Protein chains: 2
Amino acid sequence: MELDERKMKILQAIIRNYLETGEPVGSRTISKYTDLNLSSATIRNEMADLEELGYILQPHTSAGRIPSDKGYRLYVDNMMKAKALELAEKEKEVDNMREFLNDKVDKVETLLKNMAKMLATNTDYAAMISAPQVHKNKVKFIQLSQVENHQMLCVIVLEGNIIKNKIINVKEDIDNETLLKLNILFNSSLNGLTLEEINLGIISKMNGQAGEQLEIARSVLDAVAEAISAEDNLEIYTSGATNIFKYPELSDSSKAKELISTFEEKQLLSSLIEKDNEGSDNGIKVYIGEETPVHTMKDCSVITATYELEEGVHGTIGIIGPKRMDYEKVVDTLKYIKDQLDSVYKKKE
Amino acid sequence: MELDERKMKILQAIIRNYLETGEPVGSRTISKYTDLNLSSATIRNEMADLEELGYILQPHTSAGRIPSDKGYRLYVDNMMKAKALELAEKEKEVDNMREFLNDKVDKVETLLKNMAKMLATNTDYAAMISAPQVHKNKVKFIQLSQVENHQMLCVIVLEGNIIKNKIINVKEDIDNETLLKLNILFNSSLNGLTLEEINLGIISKMNGQAGEQLEIARSVLDAVAEAISAEDNLEIYTSGATNIFKYPELSDSSKAKELISTFEEKQLLSSLIEKDNEGSDNGIKVYIGEETPVHTMKDCSVITATYELEEGVHGTIGIIGPKRMDYEKVVDTLKYIKDQLDSVYKKKE
DNA sequence: GTTAGCACTCGGACAAAATGAGTGCTAACA
DNA sequence: TGTTAGCACTCATTTTGTCCGAGTGCTAAC
């Protein structure tokens, strides 16, 4: 037995209906819902087949059918094109976004936080967005300056204008000239290098040149190492975690707690961040149910997209919702946001 | 009718019992629970009085009594001294904290995040902690440097070592000498000043001296204004929002959603941040039920404490839990944390 | 002032009954 | 051979009724 066109149509009708209502859908409903002009009895026969094929399942005897993960997958991969965002709605969203985008584009952090919030509000699902990660963090600029007695400020700018600050306490102050020398030394020795490239050789060479300021040089190197190491840099913004309460299948206490905890402990979301941005389609990936890398989200679907602010500087946007989420709308929205983010800085130049 | 000693004892017993069990407590229980040697009937009479006085109430006829907000208030203000943290437990907590404190004290942000997490874990309530606010933000140090073609980095250090960075795009680069001059100009003009003190006079004077670099000077001033203005600086870390699911009276969908949303939208918590740290007792304040400034928390109690990292640099710690929270333990814990935070930096110097 | 006794209230738990959506199967039909 | 009407059956949900017990308020006696 295999999926003929009629079965496809019926499956599609089931999924559509279930996405809308969230209720198991019965044969009678489909018999009217479609333009196939088939009686409920016939539909029942076909449904039995679809169940045997694994595309739908029954929560219990004498209930309607709901799509299985496999059914959703087929839908997402093959059947989804038809519907599209209502034009009016899209217009409205575009306006919203432009507003946000024009607002404070100079602060990436604010922009991304706003983005997350907007996504959550617009979709009624939970949204996450990771701050851009530089694939290979490179030092672009280092500056050491005296702020106060016994306190130095070390500013490190990485490729992609990621700025790190560190206050370093020193035993004795150094004069301006030495400071200048040190700055030149740091910049000439470390600029353009990744963490791996700052190897022992360079460090010992620097130590040699730093002369008496060994202690400071060591502190600076530590700061650089800290700034540059990728782990610490993972920053994730989330919004709309409480949207899950809108979906009864997710909002019983234990599930809700688990999900929201996952959102609170943002580290747990890191496995959703794409390392490679070679996604199937525009860098957009759809995880359905058990497919998701985060186990606590096994009752959800997750859709992620990768954006690229500047060459080599990319992050991930994710939408988490119930399995019966509006895949088309979310994919469209993510595509749009992705495009916007992709062009924010590129356009400006 | 007024509160004699016996009524006090009975009220105290009711509250203690309710804090432990979370169930309405009946006359029979109290009759045994206390060492008053009174029959349940007598207790009932007293309870009727206590109810009339407004210290306790009945969820419904034929249920036991639970404390009213007024009852809790009396308890917190007058009856609480007796119990104290178990010594063993306290020791354990102290150890935990020391561990956290010793870990990465150099990064205030990390420290506070860890603190919040620890508080939430230790108390089983939700915790919030506001990053230190400087009462009157003063500029301590400004540095402008060239990072790349057409890109300047402006670093602003405020009193209390709060560091702000801003990338400024410029039309044409400036030579090293001018840069040096500008830096000296900024530092000599702005250091030690608050936002109010940087008035139009100074700005126009600076404009005069900046000469051709007017555009840059303006950008820098903007950056300073942004860095220094208090609103943007409000940073609040939260943890353990999902702990509320541990208390049935808070964990039905709608209440939980409201509470967790409040935690997510951290701005909503700002009214809990104390502007003046002149609290009643050690800067610790207890809000019970309707007393709390955040309306969504009317079914909760909130306890806040103010800490002071350095002279004039303070923030607020808050614990949010059910009204039947363990007030003594929370107050003790907050006091302890407050002391720790108060001394972290002061000790070091 | 305290206590024992008793009638009364009311929420919660439990079980039986009613409801109804939906199925699977069979037999008839085109 | 595919389609359909009809019917018995299943099972989650809702409704209804009953019971139970914790706890109260009141009264009368101590």
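Atoms considered below: every heavy atom in the structure, side chains included; atoms not considered: hydrogens, waters and symmetry mates. Letters A, B, ... mirror the listed sequences (proteins, then strands); counts begin at 1. Just so you know, these numbers come straight off a predicted model, no measurement behind them.
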Rounded distance (Å) that lies between atom [atom2] of [N] and atom [atom1] of [X]:
{"X": "B/L36", "N": "C/dG1", "atom1": "CG", "atom2": "P", "answer": "17 Å"}
{"X": "B/E52", "N": "D/dT24", "atom1": "CD", "atom2": "P", "answer": "16 Å"}
{"X": "B/D4", "N": "C/dG1", "atom1": "CG", "atom2": "P", "answer": "11 Å"}
{"X": "B/E46", "N": "C/dT3", "atom1": "CD", "atom2": "C1'", "answer": "13 Å"}
{"X": "B/Q58", "N": "D/dT24", "atom1": "CD", "atom2": "C1'", "answer": "7 Å"}
{"X": "A/K32", "N": "C/dA21", "atom1": "NZ", "atom2": "P", "answer": "11 Å"}
{"X": "A/E51", "N": "C/dT23", "atom1": "CD", "atom2": "P", "answer": "10 Å"}

Practice problem: Looking only at side-chain atoms of A/H60, point me to the closest of D/dA12, D/dT24, D/dT3. | Solution: D/dA12
Exercise. Output the single nucleotide from D/dT24, D/dT4, C/dT3 whose closest atom is nearest the side chain of B/M47.
Key: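 Given the options D/dT24, D/dT4, C/dT3, the side chain of B/M47 is closest to D/dT24.
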Quiz prompt | Flag for A/Y327-A/S301: side-chain donor and acceptor within less than 3.5 Å | solution =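 On atom types as modelled, these side chains qualify, holding a pair under 3.5 Å.
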Quiz item: Near DNA chain C, which residues from residues 65-72 of chain A have a heavy atom under 4.0 Å away?
Solution: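 Of all residues in residues 65-72 of chain A, the ones placing a heavy atom under 4.0 Å from DNA chain C are A/R65.
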Self-check item: Complement of D/dA5, any strand, by Watson-Crick or G-U distances under 3.5 angstrom
Solution: C/dT26
Quiz prompt | Residue matched to D/dC30 through Watson-Crick or wobble contacts both under 3.5 angstrom | solution = C/dG1
Quiz item: For the side chain of A/S62 and the base of C/dT23, is some donor closer than 3.5 Å to an acceptor across the two?
Solution: no
Where do N or O atoms of nucleotides 6-8 of chain D meet protein N or O atoms at under 3.5 Å, pair by pair?
residue: D/dG6; atom: O6; partner: A/R44; partner atom: NH2; Å: 3.3

